[in-house]
> 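One structure coming up, written as C-alpha cells, with questions to follow.
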Amino acid sequence: MQKRDTAPPEQFKMYIGGNWVGASDSRTLNSTNPYTQQIWASVPDASAEDVNTAINAARDAFDNGPWRQTTPQQRAATMRKLGELIARDAEKMARIESTDNGKLLREMVAQWRYMPEWFHYFAGQAAREWGAVLPSDKPNFIAFTRKEPIGVVAAITPWNSPVLLMIWKLAPALAAGCTFIVKPSEHTPVSTLAFAKLVEEAGIPPGVFNVLTGGPDVGRQLVSDPRVDKIAFTGSDSVGKAIARAAADNFTRVSLELGGKSPQIVFDDCDLEAAANGIMSGIFAATGQTCMAGSRLIVQRSVHDEIVRRLLERVKTIRLGDPMAPQTEMGPAATEFQFQKVLSMVKAARAEGATIAYGGEQASLGGFFVLPTILTGVTNDMTIARNEVFGPVLSVLTFDTEDEAIRLANDTRYGLAAGIWTLNVQRAHRVAAKVRAGSVWINAYRTFGPYAPFGGFKHSGIGRENGHEGMAEYLETKSVWIELTGKLRDPFTIG
Ligand code: NAD
C-alpha cells in the first residue's frame, strides 16, 4: 500500500451555540486516515462542561430562540438554502469524509450530491404537517390537534456514513422546529464539523445546530440528561440497548437505527445475472460496512453452484486500493479494530465448519485491506450467520422450498432489510409480506430515498427515519379542546 506524504494534522473546532470552540480543557482527539493509517486531523475531545454548554445552548434556542417561532415556510426557505450549499460543496465534503472513513470517494460524492434532497423533501414536509379538527361528540366543544416540535434532539452517529445518517435526523428535526446537538463517531468526526460551516452560512440561528466531538462518554452524558427531549441514534445494537436504558430514566423519546444480518433470497426463477450483481453490491460495496449489507445469501439449491460460480468470477476482479482513485472498487476497513474483527470472524466461521471459497485474509496491499470473502456451506446456527460482521464477508446458505427460505430469512434477531430475487410476481409479493424486515427490495438492493421510511424490525431498531413516519418522530401531538358557550357551570357534567 502506498503511503502519502505526511502533513501536520488539520485542526478543527466544535460548533456550540453559534461559536467555534475547542474543548474547555483543551483536550483533543486524532482522526486517522484508514488508507494511509496516518493521523490527518485533530478535533476537540469535548469535556463534561462542553456537553453541558451545548445542551444549554440547544435548550435555550428551543425555549427562547426564534427558530421554533418561525413559520414552516420560513424554515423551509432556510433548509432549501442549506440544501443548495451542500450541493455546492459536495465534492469538497465527500473528500473530507472519504479521508476520515476510507470509503470510496465516488460513493461519498454520490451520497453528498443526493443529500440536498433531504432538505428539499423535509422543507416541503414542514408545511405539510398539520393537525386536524376532530369529530367531537360534544356539541359545545370544538377539538383539534396541534403538531408541535418535540424539543431538543441529541443525535449520535456511527462512522460509516456520518453526515448522511445525521441529516436523516436533522432535516425532519429542523422542519419540525426542533434544536439539535450531534455527536459523530470518534473515528470520523471531521465531516460533521465541516458541515456545521454550511449550517452557519445558511443562516440557521445560533444554538439550533451544535456539534460535540468526543467518544462514548460524551454520548453517555447526552443521552442521560433530562434536558434532552429526544435521542436519535444510529449504531450498534449493543450501544442501542445502553441508550434505551439511559433514555428510560427520563422517558426521553428515542429512535434507534441498529445493525442487521440481512438476507438476500435467490430463487431459481430469477435473472441470475441481475441477482449476482445485486448480491455483489449488497455485500461488497462500501467494503460491507453498511447496516443494510446483504450478508446472508440464501440461495435455492438448484442454482447454488451457478450463483457461487458467477460470484467467484466477479469477486476475483474487484479492484482494491486508494479510496480516492476513480478505478478503486473496494477500500480498506475503517479502523484496525474493524479489520481484526473481520478476520477473526472468518477464522471462527471456518472452525465452525464453513468453507472459505474466496478471501478470508488480508489483501496483498497490506494495511486495513481485507479480501472480499465468500463463505460457502454456512448454516444459520453458525456464529457468522447470526452476528453482524460489518465487513466484506458473504455467507452462503441453501434452501429447497419457499417456506424454508422464509424461515431461514427470519431466523435472526435482526430485521433491517432483505432482498428477494425472483421473476414470479406472486412469489415476490408472498415472500415480501412474510419477511420480517423494515426494507424489502425485489430484484434490487440498497436503494433508499428521503420519502421512504427506513428502520428495523426486532433488534434492528425502534422507529423510522425518512418519509412521513420519519417526520412524526420529531413531533408531539397535542389535543386542544375549546368550550363554545363560555358558560361552563357544572364541573361534574364534563367528559
Ligand atoms: P457504535 O454503536 O460503536 O457507535 C455509534 C456511536 O455511539 C458513536 O458515536 C459512539 O461514540 C457512540 N457511543 C458508544 N457508546 C455509547 C454510549 N454508551 N452511550 C452513548 N453513545 C455511545 O457503532 P459504530 O461502530 O460507530 O457503527 C457501526 C454500527 O452501526 C453497526 O452495528 C451498523 O449496523 C450500525 N449502523 C446502523 C445503521 C442503520 O441505519 N440502521 C446505519 C449505519 C450503521
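Remember, it's a predicted structure, so these values are computed and weren't measured experimentally. For reference, positions follow the sequence shown, starting with 1. First listed ligand is number 1; within each ligand, the first listed atom is number 1.
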> Relative to the ring of Phe195, is the ring of Trp112 parallel (under 30°), tilted (30 to 60°) or perpendicular (over 60°)?
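The arrangement is tilted - the two ring planes meet at 30° to 60°.
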
> I want to know if ligand 1 touches Thr234 in the polar sense, i.e. an N/O pair below 3.5 angstrom.
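No, no N or O pair falls under 3.5 Å.
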
> Under 6.0 Å between the ring centres of Phe448 and Trp441?
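No, the ring of Phe448 stays outside the 6.0 Å limit from the ring of Trp441, centre to centre.
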
> Would you mind running through ligand 1 and noting each atom that sits below 4.0 Å from a heavy atom of Phe454?
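Near Phe454, the atoms of ligand 1 are 40 (O).
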
> Please check if atom CZ in Arg245 has more than 12 non-hydrogen atoms from other residues, nucleotides or ligands closer than 6.0 Å.
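Result for CZ/Arg245: open.
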
> Among all the protein's heavy atoms, is there at least one whose distance to atom 15 (N) of ligand 1 comes out below 4.0 Å?
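Yes, because at least one protein heavy atom sits under 4.0 Å from atom 15 (N) of ligand 1.
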
> Between Glu388 and ligand 1, find which residue part has any heavy-atom pair under 4.0 Å and reply side chain, backbone, both or neither.
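Looking at Glu388 and ligand 1, just side chain atoms fall under 4.0 Å.
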
> Have Arg314 and Asn277 got a donor and an acceptor in their side chains that come within less than 3.5 Å?
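There is such a pair (donor and acceptor under 3.5 Å, judged by atom type) between the side chains of Arg314 and Asn277.
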
> Quick check on contacts: which atoms of ligand 1 are under 4.0 angstrom from a heavy atom of Leu165?
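Those of ligand 1 that fall under 4.0 Å from Leu165 are 42 (C), 43 (C).
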
> Within ligand 1, which atoms have a heavy atom of Trp159 less than 4.0 Å away?
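Listed by number with element, the hits are 24 (P), 25 (O), 26 (O), 27 (O).
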
> Within a distance under 4.0 Å of any heavy atom of Ser236, pick out the atoms of ligand 1 and give their elements.
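Within the 4.0 Å cut-off of Ser236, ligand 1 contributes 1 (P), 2 (O), 3 (O), 23 (O), 29 (C), 30 (O), 32 (O).
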
> Tell me whether Gly260 has any N or O atom under 3.5 angstrom from an N or O of ligand 1.
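Between Gly260 and ligand 1, no N or O pair is found under 3.5 Å apart.
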
> With heavy-atom distances below 4.0 Å as the criterion, list the atoms of ligand 1 near Cys291.
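This gives 34 (O), 36 (N), 37 (C), 38 (C), 39 (C), 40 (O), 41 (N), 42 (C), 43 (C), 44 (C) as the contact atoms.
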
> Hey, does the side chain of Thr328 reach the backbone of Met330 with a donor-acceptor pair shorter than 3.5 angstrom?
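Not confirmed, Thr328 side chain does not pair with Met330 backbone.
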
> Rounded to the nearest 0.5 Å, what separates atom CD1 in Ile181 from atom CE in Met14?
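It comes to 12.0 Å.
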
> Can you name the atoms of ligand 1, numbered from 1 with element, that are less than 4.0 Å from a heavy atom of Gly259?
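Answer, ordered by atom number: 34 (O).
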
